Amino acid sequence: GERGAERMVRTVFANGNVKYYKGEQGAERLVRMELADDGGVEHYEGESGAERLSRAEFANGEEVQYYEGESGAERMVRAEVAD
């Protein structure tokens, strides 16, 4: 963003995980996390501070898991397995 309106767009962790954010300065929300250990990707929905896991994609492309529930209480409701 412009000077004085910078916002967080990405955080890279020492373990290789990368978190991606969207939103204006001070209201950035987590939207995606790439997992370095297995190459999977987690997708998040919700406002800043209340993000919840909504979907997990396995790196091998063989499975996608869908989640519902509030932040911290998500539960898997469906899994799709590739043929």
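These numbers come from a predicted model, not from an experiment. Just so it is clear, the values below take in all heavy atoms, side chains as well, and ignore hydrogens, waters and symmetry mates.
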Enquirer: Partners of Glu74 by side chain to side chain contact (heavy atoms under 4.5 Å, CB included), sequence neighbours excluded?
Expert: Arg52, Leu53, Tyr67
Enquirer: How close do Glu28 and Gly26 get, counting heavy atoms only, and between which atoms?
Expert: OE1-N, 3.1 Å
Enquirer: Which residues pass the side-chain hydrogen bond (donor to acceptor under 3.5 Å, both in side chains) test with Glu63, not counting sequence neighbours?
Expert: Gln65
Enquirer: Starting from Val64 and following side-chain heavy-atom contacts under 4.5 Å between hydrophobic residues (I, L, V, M, F, W, Y), which residues can be reached?
Expert: Tyr66, Val77
Enquirer: Quick one: closest heavy-atom pair of Asn60 and Glu62, and the distance?
Expert: OD1-N, 2.9 Å
Enquirer: My understanding is that only residues two or more places apart in sequence, or in another chain, count here; which of them pass side chain to side chain contact (heavy atoms under 4.5 Å, CB included) with Val31?
Expert: Tyr20, Lys22, Arg29
Enquirer: Could you tell me which residues satisfy side chain to side chain contact (heavy atoms under 4.5 Å, CB included) with Val9, sequence neighbours excluded, listed by chain and number?
Expert: Arg7
Enquirer: Return yes when atom CD of Gln25 has more than 12 non-hydrogen atoms of other residues, nucleotides or ligands closer than 6.0 Å, and no otherwise.
Expert: yes
Enquirer: What residues, two or more places apart in sequence or in another chain, satisfy side chain to side chain contact (heavy atoms under 4.5 Å, CB included) together with Glu47?
Expert: none
Enquirer: For Glu42, check salt bridge (charged side-chain N to carboxylate O under 4.0 Å, His left out) against everything at least two apart and list the hits.
Expert: none
Enquirer: Are Val18 and Arg10 side-chain neighbours, meaning at least one heavy-atom pair lies under 4.5 Å?
Expert: yes
Enquirer: Report the distance from atom CZ of Arg55 to atom CZ of Arg32, rounding to the nearest 0.5 Å.
Expert: 10.0 Å
Enquirer: Please step through side chain to side chain contact (heavy atoms under 4.5 Å, CB included) for the pair Glu34 and Asn17, ending with a clear verdict.
Expert: CA-CA 6 Å; Glu34 296 176 354; Asn17 288 353; over 6 Å; no
Enquirer: Restricting to non-hydrogen atoms, name the atom on Ala50 and the atom on Ser71 that form the minimum distance, rounded to 0.1 Å.
Expert: O-CB, 3.8 Å
Enquirer: Side-chain heavy atoms under 4.5 angstrom apart, residues restricted to Ile, Leu, Val, Met, Phe, Trp, Tyr: same cluster for Met8 and Tyr44?
Expert: yes
Enquirer: Step by step, work out the side chain to side chain contact (heavy atoms under 4.5 Å, CB included) result for His43 and Glu45.
Expert: CA-CA 7 Å; His43 298 268; Glu45 295 177 357; over 6 Å; no
Enquirer: Suppose we screen for salt bridge (charged side-chain N to carboxylate O under 4.0 Å, His left out). Which residues come up paired with Arg78, at least two apart in sequence or across chains?
Expert: Glu80
Enquirer: Is it the case that one hydrophobic cluster holds both Phe58 and Leu35, taking links as side-chain heavy atoms less than 4.5 Å apart, direct or via other members?
Expert: no
